[in-house]
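Since the structure comes first, as structure tokens, the remarks are kept for the end.
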Amino acid sequence: MLPLDFEVCRKARLSRDPRFDGTFFTAVKTTGIFCRSICPATPPKEINVTYFTTATEAASAGYRPCLRCRPDSAPGSPAWKGVNTTLERAIALINDGALQQHSLTELSERLGVSERYVRKLFNTHLGTSPKTYALYQQCLFAKQLLHQTQLPITEIALASGFNSVRRFNDCFKKQMQLTPSAIRRSAKNMSVNNGALHTLQLQLHYRPPYHWQHMQRFLRARAIPQLEWCTDNSYGRTFEWPSSYDSGSYGYFTAYHVADKHCFTVDISVNEVTHLKSIVNNIRRILDLDADTRRIENDLRAALFTEEKNIKKNTNKNTNERNITTAITLLEAGLRLPGIWSVYEAGIRAILGQQVSVTAAHRLVGTLVEVLGSGIDTEVDPGDENTSIKRLFPTPASLANNEIDFFKMPASRKQTLRNLSQHYLSQEGLTQRCVNLLQNDQPDDWQSLKGIGPWTINYAKLRGQSNPDIFLGGDLGIKKALELFDKPLATDNASPWRSYLTMHLWNMLY
DNA sequence: ACGACAGACTT
DNA sequence: AAGTACATGAAG
């Protein structure tokens, strides 16, 4: 690291030059706070300023990290991105329907900022109000449904988050310059409404490359009979939304990979369409369609590159092929994070995976689903090739006070299953209020529950929330994979993509 | 903090 | 002739 040039630093911070972001930190004597070079705050006087190369140094010198530019967190992490993150979180919540039944005030409370500020963010970055943006998104989704399905327009209005058709028609015309039916007329499609369940087909696109083979292998190895089904080109499963409260919707989907079109064709069957948008969002999450894998792999390559150079020097001397693995060959293009439908399910599956092999865990989950999962009636669905029984994942209520005498397992671990389930039951009030599973289901809240350790929590975060920055260092498979390297990998450098590193490492074991 | 106003929403 | 599906104005 080069010694800091005060003059360069001064110019960089005064111009808030993003190219210097992360290369040095500005500490201010008068306030006791240190900032990144790009901090939007009014620049302090040069007399009061001390420069540091790293955030840690500044912190140990007694300064506290600035709350606006967040110099304490790693580059690229959610907090590091600061302002952008608040906006991104807001956008994510709105895309999930946060403004359909709740007010902007409630949304801003969830984000931990003032309503005024959210408005301002939207105005400067997107040029519209949060509500207008939300409506636009709703209309976009409606447009997709009009194009690709045959649902009645009333149902589409409902599915897109409108509570009256009148309002939907009006808003749609304003946003899209066309009436809903005008779009419908130009559509050809194959969807049916067979009475008990709505069935529709959607195309869900992703950004290539997509390493389907890896995703397929991973999901197939863990697929639970009656809950999930997996073929060479498809994955499907049952679902519930929101899981286990009244007025929830349920159904199942099958996603077929269409490589040459960079998309999945997804057949969805659902009892009512009210939460369709959230369901589609969750399918996108499970298949990890929104990941920018090029960016992720570039970042990982950069983070692990130093390591790679060190290894390469020894390559010639080493005759064992498995031992000359380099960080570069570790990365396979388009690798994604296979998700689990809900955080709760991920937690239960993680507990059942404690201390046993993947196959043993698989059998336990299978039994659990078979005994406690309620079945979905698929008789009315003659066109469906999957005519076998389908079951939902057991609800917290069905497990909370269950003796679980249908399989052999240490009593303490059975108690852990009950602990987690009871935790969910006691939270019902909270989850009722905020429908979104992703945002309010925090595995960190499980810490006080007996029998739940860091591995379980991290596993649930990785697979249930698709948190991109979880490194499962304690996992047996990961340990095995790490042994294939001559020198230890600098896994911390992989932030904020440590989950992807974890997946890449697991993938090596095949 | 407050009121006027625009726009969101339902019937 | 009655019923269905969608669009739209008026009022609050």
Side-chain angles (χ1 to χ4, degrees), chain A residues 86-87 89-202 242 246-247 249 268-278 280-281 380 432-436 439:
Chain A
T86 312
L87 183 64
R89 283 175 66 210
I91 289 174
L93 285 170
I94 287 176
N95 288 344
D96 232 35
L99 287 185
Q100 283 168 24
Q101 279 148 332
H102 305 276
S103 65
L104 179 61
T105 318
E106 286 170 88
L107 175 66
S108 37
E109 272 167 20
R110 283 170 78 180
L111 292 168
V113 296
S114 72
E115 182 186 327
R116 179 72 204 267
Y117 183 54
V118 179
R119 247 204 199 89
K120 190 182 156 82
L121 279 180
F122 272 79
N123 245 318
T124 52
H125 293 270
L126 303 177
T128 37
S129 70
K131 188 62 198 179
T132 311
Y133 172 80
L135 286 172
Y136 181 65
Q137 293 303 318
Q138 288 174 239
C139 287
L140 273 187
F141 185 63
K143 187 161 165 280
Q144 187 186 9
L145 293 180
L146 285 166
H147 274 304
Q148 299 184 1
T149 79
Q150 219 169 41
L151 292 173
I153 294 193
T154 317
E155 294 287 330
I156 292 181
L158 211 69
S160 319
F162 293 91
N163 293 315
S164 76
V165 193
R166 175 69 186 82
R167 180 80 190 104
F168 167 65
N169 288 327
D170 204 31
C171 185
F172 193 89
K173 203 160 81 178
K174 278 196 180 112
Q175 301 272 2
M176 306 282 157
Q177 337 274 315
L178 282 171
T179 59
S181 64
I183 287 188
R184 162 123 307 165
R185 263 171 233 134
S186 59
K188 52 176 192 291
N189 55 69
M190 318 152 49
S191 303
V192 199
N193 179 358
N194 63 22
L197 292 179
H198 299 277
T199 74
L200 51 134
Q201 189 178 66
L202 293 177
D246 337 288
S247 81
S249 32
I268 305 175
S269 299
V270 65
N271 67 327
E272 46 119 12
V273 293
T274 326
H275 300 111
L276 190 57
K277 186 69 201 299
S278 303
V280 171
N281 282 345
V380 284
Q432 200 90 42
R433 184 163 49 83
C434 316
V435 185
N436 191 304
Q439 298 292 323

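Each chain gets a letter, A, B and so on, in the order its sequence line appears, and its residues count up from 1. Quick note: numbers below take in every heavy atom, side chains included, and nothing from hydrogens, waters or symmetry partners.
Salt-bridge check for A:R110 with A:E106: failed, with every basic side-chain N at 4.0 Å or more from each acidic carboxylate O.
Side-chain atoms of A:K131 come within 3.5 Å of backbone atoms of A:L99 as a donor-acceptor pair (strictly under, hydrogens ignored). A donor-acceptor pair under 3.5 Å is formed between the side chain of A:N169 and the backbone N or O of A:V165. One N or O on the side chain of A:S114 and one on the backbone of A:Y117 form a donor-acceptor pair closer than 3.5 Å. Of the possible donor and acceptor atoms, none in the side chain of A:N123 sits under 3.5 Å from a partner among the backbone N and O of A:S129. With hydrogens and angles ignored, the 3.5 Å screen pairs no side-chain donor or acceptor of A:E115 with any backbone N or O of A:S108. Not one N or O on the side chain of A:T132 forms a donor-acceptor pair closer than 3.5 Å with the backbone of A:T128.
Residue-environment remark: NZ (A:K143) stays at or below the threshold of 12 foreign heavy atoms within 6.0 Å. Applying the 6.0 Å contact sphere to OH of A:Y136 captures no more than 12 heavy atoms from other residues, nucleotides or ligands.
Residues A:F141 and A:A159 share a closest heavy-atom pair of CE2-O, 3.9 Å.
Counting only Watson-Crick and G-U wobble pairs whose two key distances fall under 3.5 Å, DNA chain B forms stems of three or more stacked pairs at B:9-11 with C:10-12.
Bracketed by its first and final contacts, the part of DNA chain C lying under 4.0 Å from non-hydrogen atoms of chain A reaches from C:dC6 to C:dA10 in 5' to 3' order.
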| note | 5' to 3', nucleotides 5-11 of chain B under a 4.0 Å protein heavy-atom cut-off (B base, S sugar-phosphate only, - none) gives ---SBBB

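Using Watson-Crick or G-U wobble geometry with both donor-acceptor distances under 3.5 Å, C:dA5 finds no partner in any strand shown.
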